[in-house]
Amino acid sequence: MSTEETPPAAAKNFIEQQIDADLAAGRADHVHTRFPPEPNGYLHIGHAKSICLNSGLARTYGGKFNLRFDDTNPAKEEQEYVDAIMDDVRWLGADWQDRLCHASDYFETYYEWAVALVKAGHAYVCDLTADEMRETRGTLTEPGTPSPHRGRSVEENLDLFARMRAGEFPDGAKTLRAKIDMASPNVNLRDPVMYRIKHVPHQRTGDAWCLYAAYDWAHGQGDVMEGITHSICTLEFENHRPLYDWYLTRLDELKLLPHPRPRQIEFARLNLTYTVMSKRKLLQLVQEKHVDGWDDPRMPTIRGLRRRGYTSEAIRAFCERIGVTKQNSTIDMLWLEDAVREHLNETAERRMAVLRPLKVTLTAFADGSELPEGVIKVCQLDNHPQHPEQGSREIELTRDLWIEADDFMEEAPKKFFRLKPGGAVRLRGAGIAKCEEVIKNAAGEVTELRCTFDPDTTALADGKKVKGTIHWVPAADCIDAEVRLYDHLFAKEDPDKAEEGKTFLDNMNPASLEIVVAKLEPELADAEPGERYQFERLGYFFADPIDSVDEAPVFNRTVTLRDAWGKEAAK
RNA sequence: AACCCCGUAGUGUAAUGGUAACACCAGGGAUUUUGAUUCCCUUAUUCCAGGUUCGAGUCCUGGCGGGGUUGCCA
């Protein structure tokens with residue numbers, strides 16, 4: 001038996017605590033959650049937080065999780081988004097099993113319930129235009145004034161509502177409104193609109209309806225149709241909760257609810273540094289072509305992150321780590337990057353690649369003896385130093401090599417452990433190279449290094465230890481490949497904090513993408529699209545699944561390695 | 001301005017009336033054929049003022065600060 005202590009139970013977030021309380025008090029006897037996207041855009045990392053939260057809650061409590069499309073506004077919604085959303089939710093690992101739901105599945109029930117509310121005197125048909133309604137709603141400090149149609153008889157309301165459904169009136173001519181309180185300090189309760197007329201075909205119901213439910217008169221109703229117990233949403237819906245509850249209470253009084261009443265709980269949405277999260281801005285970036293589409297690897301969309309090379313494990317770990325509260329906060333992008341580094345450090349095989357090549361010619365052995373014509377040494381490189389079971393591969397060292405231009409400095413500071421004139425460095429897995437000569441072109445730029453080579457990898461002939469190790473590829477036996485180096489899309493932590501007269505677009509990072517033609521070790525010619533590698537000392541790279549072709553992979557940099565030297569050098 | 005929500009190390013979160021803590025970041029050190037990984041150490045925290053209580057980060061009142069809300073969007 002081990003004497004390990006049992007790990008402390010993970011601290012519960014406030015939602016879990018409330019669920020515990022509901023369970024203990026008998027307000028619920030199980031947990032059923034849902035993720036309710038509107039199919040009018042692509043999912044982003046903020047949605048991932050909600051998906052992980054909702055599906056995670058179901059898993060933790062042995063409950064169920066639904067995917068429900070909140071498709072109540074056909075003017076904005078498209079099938080393209082539906083397909084992409086399902087694919088992304090599935091990729092994230094959330095499982096809705098056989099419960100793929102749509103608000104549009106309940107349109108008939110919503111309508112029947114609305115009729116019941118009309119009959120009970122809780123709703124009325126209003127002829128006010130949108131402008132008139134705004135004018136009579138009052139302000140935050142002043143009460144609104146009742147609509148002149150507020151007192152219509154039940155019979156008249158029923159007749160008008162039926163004719164609304166029948167398509168007798170043009171868009172915007174009439175609405176169905178809940179009769180609540182025009183003087184409520186909560187504006188949402190000032191006779192909110194339940195139905196508006198839109199003669200727009202719906203992607204699922206076609207021309208069946210010209211009447212569409214507003215969010216508030218749909219969401220809680222969808223929840224209760226599906227037996228949702230805990231309806232989790234973001235903070236901006238907090239002021240809607242009284243309305244959410246009001247509708248459910250009226251329906252409950254009329255004994256119409258098929259399931260116990262769900263409970264709405266709000267949490268703070270995710271904000272991340274160096275990016276924007278609003279659907280509107282993301283759409284703008286795509287439409288105005290500031291990025292190459294929704295799946296541009298710089299986008300915070302799930303599709304962008306996938307194309308960047310992020311793993312769903314990393315995103316789930318990130319969502320777990322950031323916690324759930326009601327406090328508005330902005331998470332440092334470092335947390336996301338760390339999560340993917342952590343996962344890829346464990347799983348990605350290592351390879352060598354040179355992003356900015358500098359020619360190196362080996363001229364002789366360190367003892368002065370002559371180098372062989374072809375292969376000097378067959379080097380064994382571990383695919384994963386921490387996991388030897390992942391095997392190794394061979395790279396043939398020849399006289400002509402490429403090394404990273406950054407790994408040589410003519411006038412190097414004392415702490416620079418790489419190559420410098422007269423200095424020595426270890427070529428990873430090969431041996432030690434000593435820089436004997438620096439060749440320059442007419443412009444004075446370094447074009448080649450001539451080095452002697454010692455196949456002993458540990459120390460110099462004089463016994464001095466070699467501190468630095470650099471990566472390299474053989475010049476004759478490497479492949480050229482396009483590599484895309486991505487950085488933050490925005491140069492400012494908070495892109496929305498723009499100067500007077502400027503917008504978030506002015507804060508875009510001009511260096512968010514750099515494309516280089518890199519020299520890759522021969523093994524990488526066989527990289528399959530979608531594979532991830534660590535290019536040693538550089539970062540994690542993802543073989544682009546769209547642009548890679550046979551024998552010619554294209555790599556996207558997912559994230560760099562942590563770089564202590566970079567920090568030191570920046571000082 | 002009215003209503004609602006939120007204020008705990010730099011950041012993100014715990015502590016549920018009983019010794020303020022964890023992770024990341026930062027700084028320092030060890031190991032290392034990736035300046036990576038791994039390991040060790042260090043710094044620093046309850047917005048303010050009253051009140052209740054033996055005892056308050058926690059409860060109450062007031063202030064201050066931040067966010068949300070005035071779509072026939074969700």
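Fair warning: this is a prediction, and the values are worked out from it, not measured in the lab. Computed over heavy atoms, backbone and side chain alike; hydrogens, waters and symmetry mates excluded.
- Atom CD of Q284(A) sits in a crowded spot, with more than 12 heavy atoms from other residues, nucleotides or ligands closer than 6.0 Å.
- The residue F535(A) sits apart from the nucleic acid: no heavy atom pair falls under 4.0 Å.
- Side-chain atoms of Q386(A) and base atoms of rU38(B) include no donor and acceptor less than 3.5 Å apart.
- Proximity of K49(A) to the phosphate of rG12(B): no side-chain N or O atom is located under 4.0 Å from OP1 or OP2.
- In terms of phosphate contacts, R341(A) brings no side-chain nitrogen or oxygen within less than 4.0 Å of OP1 or OP2 of rU38(B).
- Within 4.0 Å (heavy atoms only), I331(A) reaches sugar-phosphate atoms of the nucleic acid but no base atom.
- Note on L211(A): nothing from the nucleic acid sits closer than 4.0 angstrom, heavy atoms only.
- Which of rA26(B), rA74(B), rC25(B) sits closest to the side chain of Y215(A) comes down to rA74(B).
- Side-chain N/O atoms of N383(A) and R351(A) include a donor and acceptor closer than 3.5 Å.
- When ring centroids are compared, F237(A) and Y244(A) stay outside the 6.0 Å threshold.
- Seen from the ring of F169(A), K174(A) counts as a face-on cation partner, given the 6.0 Å and 45° thresholds.
- Counting distance only, with no hydrogens placed and no angle test, the side-chain atoms of R418(A) and the base atoms of rG35(B) include a donor-acceptor pair under 3.5 Å.
- Across all strands, E346(A) comes closer than 4.0 Å to no nucleic acid atom at all (heavy-atom distances).
- rC59(B) and rA2(B) have their C1' atoms separated by 27 Å, with the value rounded to a whole Å.
- The residue among I322(A) and E236(A) whose nearest nucleotide of RNA chain B is located toward the 5' end is I322(A).
- Side-chain proximity of R137(A) to the nucleotides rC72(B), rG12(B), rA36(B) is greatest for rC72(B).
- A distance of about 15 Å separates the P atoms of rU11(B) and rA26(B), rounded to the whole Å.
- Closest approach to the T141(A) side chain among rA74(B), rA1(B), rC73(B) is made by rA1(B) (side chain taken as heavy atoms from C-beta onward).
- The side chain of Q534(A) approaches rU34(B) more closely than any other nucleotide in the set rU34(B), rG7(B), rA14(B).
- For T72(A), a side-chain nitrogen or oxygen approaches OP1 or OP2 of rA74(B) to under 4.0 Å.
- Looking at H240(A), its side chain comes within 3.5 Å of the base of rA74(B) through a donor and an acceptor atom.
- Each of T330(A) and H384(A) was assigned the nucleotide of RNA chain B with the nearest heavy atom; the assignment lying further toward the 5' end belongs to T330(A).
- Listed nucleotides: rC73(B), rA23(B), rG35(B). Nearest to the side chain of W335(A): rA23(B).
- Within 4.0 Å of N186(A), counting heavy atoms only, lies no atom of the nucleic acid at all.
- Comparing rC4(B), rA74(B), rU70(B) by their closest approach to the side chain of E238(A) singles out rC4(B).
- K415(A) comes within 4.0 angstrom of a base, heavy atoms only.
- The gap from the C1' atom of rG51(B) to that of rG27(B) amounts to 42 Å, rounded to the nearest Å.
- Residue R134(A) is in sugar-phosphate contact alone, with no base atom involved, counting any heavy-atom pair closer than 4.0 Å across all strands shown.
- Note on L235(A): nothing from the nucleic acid sits closer than 4.0 angstrom, heavy atoms only.
- Contact record, P39(A) with I85(A): CA-CD1, 3.9 Å, taken as the closest heavy-atom pair.
- The side chain of L140(A) lies closest to rU69(B) when the candidates are rC6(B), rA74(B), rU69(B).
- Between T325(A) and rU13(B) there is a side-chain N or O to OP1 or OP2 distance below 4.0 Å.
- Using a 4.0 Å heavy-atom distance criterion, P37(A) is classed as making no nucleic acid contact.
- More than 12 heavy atoms of other residues, nucleotides or ligands lie within 6.0 Å of NZ in K179(A), so this atom counts as buried by the packing criterion.
- Residue R426(A) has no polar side-chain atom (N or O) positioned under 4.0 Å from OP1 or OP2 of rU34(B).
- With a cut-off of 3.5 Å on both pairing distances, the Watson-Crick and G-U wobble pairs of RNA chain B assemble into stems of 3 or more at B:2-7 with B:64-69, B:10-13 with B:21-24, B:26-30 with B:38-42, B:47-51 with B:59-63.
- Under the side chain to side chain contact (heavy atoms under 4.5 Å, CB included) rule, L282(A) has a single partner from H44(A), M277(A), Q287(A), which is H44(A).
- For the C1' atom pair drawn from rC3(B) and rU8(B), the interatomic distance equals 27 Å after rounding to whole Å.
- Using a 4.0 Å heavy-atom distance criterion, F237(A) is classed as a base contact.
- Among the atoms of the strands shown, only primed sugar atoms or phosphate atoms (P, OP1, OP2) are found under 4.0 Å from some heavy atom of D338(A).
- Relative to the six-membered ring of W209(A), R165(A) meets both conditions, a distance below 6.0 Å and an angle of at most 45° to the axis.
- Between the side chains of Q534(A) and E349(A), no donor N or O sits under 3.5 Å from an acceptor N or O.
- Side-chain polar atoms of H343(A) and R316(A) form no donor-acceptor pair below 3.5 angstrom.
- Note: Y310(A) and F542(A) fail the aromatic proximity criterion, with ring centroids not under 6.0 Å apart.
- Comparing rA36(B), rU34(B), rA74(B) by their nearest atom to the side chain of A564(A) picks out rA36(B).
- For R350(A) and rU34(B), a side-chain-to-base donor-acceptor distance below 3.5 Å is present, hydrogens and geometry of angles not being considered.
- Residue-environment remark: CZ (R393(A)) exceeds the threshold of 12 foreign heavy atoms within 6.0 Å.
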Original post:
Can you give one letter per nucleotide of nucleotides 57-64 of chain B, going 5' to 3': B for a protein heavy atom under 4.0 Å from the base, S for sugar-phosphate only, - for none?
Top reply: --------
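- The P atoms of rC6(B) and rG62(B) are separated by 16 Å, rounded to the nearest whole Å.
- In this structure, R557(A) does not pair ionically with D487(A), as no charged nitrogen and carboxylate oxygen lie closer than 4.0 Å.
- Using a 4.0 Å heavy-atom criterion, one finds that S329(A) contacts the sugar-phosphate atoms exclusively.
- Among the protein residues, A130(A) comes within range of the nucleic acid bases, having at least one heavy atom under 4.0 Å from a base atom.
- Across the C1' atoms, rU32(B) and rC24(B) are found 23 Å apart, a figure rounded to whole Å.
- Between K467(A) atom NZ and rU31(B) atom P the separation is 9 Å, expressed in whole Å.
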